[in-house]
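In this chain, residues are counted from 1 in sequence order.
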Amino acid sequence: MTIKLSRRSFLGSAATAALVAGASLRSTQLVAKESFIGLDAMAQAELVRKKEVTALELVDAAIARIEAVNPKVNAVVTEFFDKARDVAKGKLPDSPLSGVPYLIKDLDDFAGERRTSGSRLFAKHVSEKTDGVPEKAVEAGAVVLGKTNTPEFGLLATTESLLLGACHNPWNLDHSTGGSSGGAAAAVASGMLPVAHASDGGGSIRIPASNCGVFGLKPSRGRMILGRPPMPGDIGVENCVSRTVRDSAMVFSLSENRAPDALLKSVGFVTGPSKKRLTIAFGTQDYFGNEPHPDVKAAIDATANLCSDLGHLIVEAKNPLHGEEFIDAFLTVWSSGPANLVGLAKSKGLKPDSVLEPWTLGLAEFFAKKPKGAFDKALAYFKEAEAKTDAFMSRYDTWLTPVLAAPAPKLGEQAPTVSFDTLYERTIHYVGYTPIHNVAGTPAMSVPLGMSKSGLPVGSQFAAAKGGEGVLYALAYELEQAQPWAIRHAPVYAS
């Protein structure tokens with residue numbers, strides 16, 4: 001059978017073809033002449049390594065794509081293009097990602113550049129140092145072009161802060177990208193670049209990956225070098241979002257803690273699928289016992305069928321945690337940060353409501369109303385939840401659920417200015433599948449396998465036991481080969 005591809009279809013399919021069908025270098029070179037848009041990060045770096053293009057050419061092409069698409073999407077909120085060009089002209093490390101354009105989420109510090117955390121409280125803050133995971137990207141030869149959009153302090157599952165403005169979903173500009181790595185996911189989904197830094201404290205890699213139709217894996221707790229000491233209730237981790245599995249796997253391998261005293265044994269670079277067939281726990285109910293939107297349920301059911309067709313054993317299983325108890329503990333810990341931010345604003349002589357968003361202020365008030373000892377009680381529950389999740393995962397290789405209860409909502413529906421009680425209800429039922437893995441410290445990924453009837457992406461969440469990123473990456477490669485997603489482009493795409 002002969003398949004005829006249009007020029008646009010060919011450019012979009014080149015990266016997947018290189019991975020799935022073993023496309024020739026000649027095909028790769030052809031795409032390279034067309035601004036590299038069809039190539040993933042590793043393919044771009046290979047061109048630099050073979051001296052067929054320069055890092056500056058990659059950077060200039062990415063800058064041109066950002067300038068063309070970002071006005072529609074608002075994914076990139078801080079640009080330092082001239083600095084990036086200077087870096088690209090210089091000597092770069094010998095690395096599988098050397099010369100690749102990269103973006104850093106605006107929750108992280110990057111020396112000499114602003115870090116707003118999406119908040120008016122830090123609108124003029126300039127970082128003195130670079131955080132751990134972005135520093136690893138620099139050491140790997142990635143060329144950082146700027147910072148990506150994020151909600152205020154990463155506190156919401158949508159990216160539409162008062163300071164930075166709404167980030168628009170490339171699949172439908174009226175809809176949310178998710179959060180808090182919404183800018184990163186939108187940048188990758190719109191073709192600005194193939195991979196971008198992301199972080200996850202309650203689903204913030206997986207949620208935007210699901211909404212924007214890209215791949216995102218949240219590592220195990222303690223996997224990455226964050227460059228700061230752990231704090232009580234610390235549930236945040238960092239990695240990236242990408243179009244291809246191998247880009248994510250490579251960023252992960254170059255960022256993980258490989259020190260002798262590391263908490264987890266190093267995984268390294270996972271290069272492809274495993275022949276091992278997995279036992280996969282499967283359920284579509286959240287921890288409240290609610291089923292998701294019909295389009296989400298249909299997508300996750302289809303993923304379960306796909307895994308079964310591939311020879312994996314699907315076993316129906318119920319969530320081991322109780323929703324009300326979990327949410328109370330999670331939001332107690334989650335809201336302790338906003339309570340501290342209110343105190344910080346006051347210490348600077350600022351009125352909190354002039355520099356912090358209504359949602360942040362509402363969380364601070366939520367925490368203030370908690371009885372004495374509530375924070376410690378919540379941390380004790382975290383340990384119980386972790387133990388229950390560990391026991392659950394000991395019976396399975398992976399656990400398949402939805403990422404979210406519904407496809408991406410319209411912008412404004414979960415904005416920080418929505419009344420606190422309304423937004424509270426909307427958020428806890430929308431995000432009923434991802435936070436468990438932050439509390440338990442288990443790795444989890446969103447794989448872009450589904451679409452809603454209205455044309456919005458729907459991710460499938462797979463989790464594994466702590467330290468099991470290798471299992472997840474191997475499965476992701478297999479799913480990518482079985483159902484390639486890199487050939488599927490959003491309507492707003494830098495072609």
Under 3.5 Å, is there a donor-acceptor pair linking the side chains of [X] and [Y]?
X: Thr401; Y: Gln461; answer: yes
X: Ser199; Y: Lys105; answer: yes
X: Thr434; Y: Arg206; answer: no
X: Asp200; Y: Asn438; answer: yes
X: Ser248; Y: Arg246; answer: no

Is the backbone N or O of [Y] less than 3.5 Å from a side-chain atom of [X], with the two atoms forming a donor-acceptor pair by type?
X: Ser308; Y: Ala304; value: no
X: Arg65; Y: Gly191; value: yes
X: Asp174; Y: Lys410; value: no
X: Ser220; Y: Gly467; value: yes
X: Tyr477; Y: Leu472; value: no
X: Asp40; Y: Thr244; value: no
X: Glu256; Y: Val267; value: yes
X: Ser242; Y: Val195; value: no

Between [X] and [Y], what is the shortest heavy-atom contact and its length?
X: Pro407; Y: Asn211; value: C-OD1, 4.4 Å
X: Thr150; Y: Leu107; value: OG1-CG, 3.7 Å
X: Gly179; Y: Ile207; value: O-CB, 3.7 Å
X: Glu425; Y: His429; value: O-CD2, 3.1 Å

Enumerate, atom names and distances included, each donor-acceptor pair closer than 3.5 Å involving a side-chain atom of residues 373-386, sequence neighbours excluded.
residue : atom : partner : partner atom : Å
Glu386  : OE1  : Arg221  : NH2          : 3.3
Glu386  : OE2  : Lys466  : NZ           : 3.1

For His197, check ring-ring contact (aromatic ring centres under 6.0 Å, His included) against everything at least two apart and list the hits.
none
For His312, which residues count as a ring-ring contact (aromatic ring centres under 6.0 Å, His included) partner, sequence neighbours excluded?
none
Is there a ring-ring contact (aromatic ring centres under 6.0 Å, His included) between Tyr473 and Phe252 once you walk through the steps?
CA-CA 10 Å; Tyr473 274 124; Phe252 170 89; 5.5 Å; yes
Identify every side-chain donor-acceptor pair in residues 414-423 under 3.5 Å, counting partners at least two apart or on other chains, and give the distances.
residue : atom : partner : partner atom : Å
Ser419  : OG   : Thr422  : OG1          : 2.9

For [X], side-chain contact (heavy atoms from CB on, under 4.5 Å) partners two or more places apart:
X: Glu324; answer: Phe288, His322
X: Ala317; answer: Ala281, Phe392, Tyr396
X: Ser274; answer: Lys276, Ala474

Could [X] and [Y] be called an ion pair, given the rule that one side-chain N must be under 4.0 Å from one carboxylate O?
X: Arg243; Y: Asp247; value: no
X: Asp106; Y: Lys147; value: yes
X: Arg277; Y: Glu478; value: yes
X: Glu413; Y: Arg426; value: no
X: Arg115; Y: Asp109; value: yes

Hits for side-chain hydrogen bond (donor to acceptor under 3.5 Å, both in side chains) against Ser354, two or more places apart or cross-chain, chain-then-number order -> none
Taking side-chain hydrogen bond (donor to acceptor under 3.5 Å, both in side chains) as the definition, give me every residue that meets it alongside Gln285, ordered by chain and number, with sequence neighbours left out.
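Gln285 satisfies side-chain hydrogen bond (donor to acceptor under 3.5 Å, both in side chains) with no residue once adjacent residues are dropped.
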At what distance, to the nearest 0.5 angstrom, does SG of Cys240 lie from CG of Leu103?
12.0 Å
For the OG1 atom of Thr427 and the OH atom of Tyr424, what is their distance to the nearest 0.5 Å?
10.0 Å
Kindly list each side-chain donor-acceptor pair under 3.5 angstrom involving residues 448-459, sequence neighbours excluded, with atom names and distances?
residue : atom : partner : partner atom : Å
Ser452  : OG   : Ser454  : N            : 3.3
Ser452  : OG   : Ser454  : OG           : 3.0
Ser452  : OG   : Gly455  : N            : 3.4
Ser452  : OG   : Leu456  : N            : 3.0
Ser452  : OG   : Leu456  : O            : 3.4

Residues forming a salt bridge (charged side-chain N to carboxylate O under 4.0 Å, His left out) with Asp328, sequence neighbours excluded
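Listed in chain order: Lys370.
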Tell me which donor-acceptor pairs under 3.5 Å the side chains of residues 151-168 have, and how far apart each pair is, sequence neighbours excluded?
residue : atom : partner : partner atom : Å
Glu152  : OE1  : Glu357  : N            : 2.9
Glu152  : OE1  : Thr360  : OG1          : 2.5
Glu152  : OE2  : Ser119  : OG           : 2.8
Thr158  : OG1  : Glu160  : OE2          : 2.7
Thr158  : OG1  : Ser176  : OG           : 2.8
Thr159  : OG1  : Gly178  : O            : 2.7
Thr159  : OG1  : Gly182  : N            : 3.4
Glu160  : OE1  : Gly412  : N            : 3.0
Ser161  : OG   : Leu164  : N            : 2.9
His168  : ND1  : Leu173  : O            : 2.7

Compute the ring centroids of His489 and Trp171, then answer whether they are less than 6.0 Å apart.
no
